[in-house]
Number of protein chains: 2
Amino acid sequence: MGQTLARERARATAVRKEASAPLPLGTILGGDCVEAMRGLPSASVDMVFADPPYNLQLGGDLNRPDGSHVDAVTDAWDKFDSFGSYDAFTRDWLTEARRVLKPNGSLWVIGSYHNIFRVGAQLQDLGFWILNDVVWRKSNPMPNFKGTRFTNAHETLIWASMGEKARYTFNYRAMKTLNDELQMRSDWVLPICAGPERLRKEGVKAHPTQKPEALLYRVMLATTNKGDVVLDPFFGTGTTGAVAKRLGREWIGCEREARYRDIATERIEAALPLDESALTTMQSRKAAPRVAFGTLVETGWIGAGTPLFDKKRRHVATVRADGSIVSGSADGSIHGLGAKLQGAPSCNGWTYWHLEHEGATKPLDAIRQLYLLATEP
Amino acid sequence: MGQTLARERARATAVRKEASAPLPLGTILGGDCVEAMRGLPSASVDMVFADPPYNLQLGGDLNRPDGSHVDAVTDAWDKFDSFGSYDAFTRDWLTEARRVLKPNGSLWVIGSYHNIFRVGAQLQDLGFWILNDVVWRKSNPMPNFKGTRFTNAHETLIWASMGEKARYTFNYRAMKTLNDELQMRSDWVLPICAGPERLRKEGVKAHPTQKPEALLYRVMLATTNKGDVVLDPFFGTGTTGAVAKRLGREWIGCEREARYRDIATERIEAALPLDESALTTMQSRKAAPRVAFGTLVETGWIGAGTPLFDKKRRHVATVRADGSIVSGSADGSIHGLGAKLQGAPSCNGWTYWHLEHEGATKPLDAIRQLYLLATEP
DNA sequence: ACCGAAACTGAATCATTAC
DNA sequence: AGTAATGATTCAGTTTCGG
């Protein structure tokens, strides 16, 4: 009991120390990634991007979180055992990633059919809530030389929040703008990492699975804000860090191999951050300051007594002095009455109701924009 | 010991009896699919195509921005208590599917991010060997109305053999021909099932999750041979059966709901095998912007069996289901066979080959233009 | 009959803030 | 904690209807 209490106290102290310790922003932690993450405080990062190893079939490559090597076993058990140990490895790093993430943070994992099903099932079991699976469709994949299967032309990413009810960041407008004013879909066409972007040492590619920066660019632009902290437990040659720097995000990496850490450090130092204007993304209306309809009436932008009507002029209403509107015997807010008259569950009164303004028919929202322009220069 | 022996002998007899019992080809078995599959002999079918419930776990109602209501999948068959019970369900039907499959057979499963990771992990655990994961990229998915995530624009299929060393059927040439002489990739662009192909009863869709025939067409053409037996444990309204009949494959279905069995039976009876069928059943199908000749066949714009000829009618050829064409003992793609017959180094099949269309002789290219006109306004 | 407008639809884990 | 108010949000089609 005494021992347990002492241990408890020691751990509490450690946690407190962790919590007050500054995050090692812009650094690559060496050693095993699970151990490295244990040194980070809980609920401290906004997003985790993970590109874990998935060479299940090769064997011998897997180590337990404690560093011990996974022994090969008899052929009969080999399959089960390698899946089992891969699952354990996955559970361990996912568990630490979950601890380190803020409640409103999110997780990205990339993988292929060799490992992604196991990773996906595991993260669901740990309480992560899948928001999308995203397909990276390679525009220039390696062909299947033997002609024995379909060309393996894509990889899969999973994007997950901390739980079913958890909030998360999604820059909807930025994505829609990026996609030529159409909603961004769950399938992304991007070339593989090649040409000058591909890091080489003496003519040989420096890392076997270097990801294209465009992929990380879209991931970060979509699901983080400027200044957010991004953690990559399998940093490799630092694509995550390079793109984070470019997009004005903070980053932390974990990488076991000193060789990759050196290459990544050099690479990220050379990366140029985008300037402020380039970083600004399309914002949703949500971000604009709220204006109550009553304020427009109060300030005279819309006079009491003004007739309102919907686009097809099926309904007409009149503005009252207090910002409510009335139509026959029914009245309410611009939203509530709009919904009531349409029999709809909800209604955005700003876009539903129109008025005559300078000889033209305009939605209320247009007046709101004028008001915002005039009052917030 | 005596007991064990007796049991062994009894089981051997049972197996022998099963093996000699004729397969219920071309029939839909009622009741629970696991029970139904138990009645089938071991190692008796060549391919299993499964479209199991996705376990969607939907929340409340969803409305479009225009206020209309989204008709969601709320059926009892998609409700599971927990991931655990879904996993158990998955393990059960996969186990029977595995028993029923021949050693050189293969398995296809389709799903979404809600369930596919669990299914994929389970089938690996049971010894299946994943050959490809294939992404069905929907050309016309439902948007994300609230702007909260990426448009969920794809579903995932897993194709697996019976084990790492197991053999399997892959019609590489057929796929390459279907894709205009490029290797078929792991991402397939196909429209969702709508229009005349979508089965309706009194104007209401007959089944909430009917799959497009083009999807099954490609699956069967790629991984089965003529005369092979295809089993679908979640038969629904019988897309698998209809396509199997069209492509000259045998089929067995399992379907719990009598209503769906009736619809499927009627549908399959009306389906026409191969040649003259395609045009009438798949008229409104659409596909990728870049049009492969195979796509025109797959979508019914040019029916399998259609005679082709050059402008001076020196050569005649016939269209095959996979988009290849045959003339006497020679065959190939529209380009390759055209070149071969002329003794030319190359040939543009699109302008060389002609067909009768609405009483006139037209080059293939004219049909491609019609197709593009119809699909890309 | 033909044309254009408007309505309808699809495996969907689909809101946020103030009180 | 729950309830009420505010207000943000759609793509590629096919089918129906009015002129």
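Just so we're on the same page: letters track the sequence lines, and every chain starts at 1.
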5' priority, DNA chain D, between S346(A) and R185(A) [closest heavy atom]: S346(A)
Comparing I334(A) and P143(B) on DNA chain D - which has the more 5′ nearest nucleotide: I334(A)
From C-beta outward on [X], which listed nucleotide comes closest to its side chain: [options]?
X       : options                  : answer
R290(A) : dA7(C), dT6(D), dA15(C)  : dT6(D)
M142(B) : dG10(C), dT9(C), dT13(C) : dG10(C)
H335(A) : dT13(C), dT9(D), dT6(D)  : dT6(D)
S333(A) : dA12(C), dT10(D), dT6(D) : dT6(D)

Parallel, tilted or perpendicular: rings of F117(A) and F117(B) (30°, 60°): tilted
Pair partner, dT16(C) [Watson-Crick or wobble, under 3.5 Å]: dA5(D)
Watson-Crick/G-U partner (both atom distances under 3.5 Å) of dT15(D): dA6(C)
NA contact type, [X], heavy-atom cut-off 4.0 Å: base, sugar-phosphate, or nothing?
X       : answer
D75(B)  : nothing
C347(A) : base
S112(B) : nothing
K211(B) : base
V291(A) : sugar-phosphate

F145(B) CZ - dC14(C) P separation (whole Å): 13 Å
Donor/acceptor link under 3.5 angstrom from W350(A) side chain onto base of dT6(D): no
Which residue lies more 5' along DNA chain C, comparing R167(A) with G203(B) via nearest heavy atoms: G203(B)
Pairwise 5' ranking along DNA chain C for R64(B) and T148(B), keeping only the more 5' one: R64(B)
Point-to-point distance, once rounded to the nearest 0.5 Å, from OG1 of T90(B) to CZ of R118(B): 8.5 Å
N/O (side chain, N348(A)) to phosphate O (OP1/OP2, dT6(D)) under 4.0 Å: no
Lys NZ or Arg CZ of [X] over [Y] ring: under 6.0 Å, within 45°:
X       : Y       : result
R98(A)  : F128(A) : yes
R256(B) : W77(B)  : no
R368(A) : Y371(A) : no

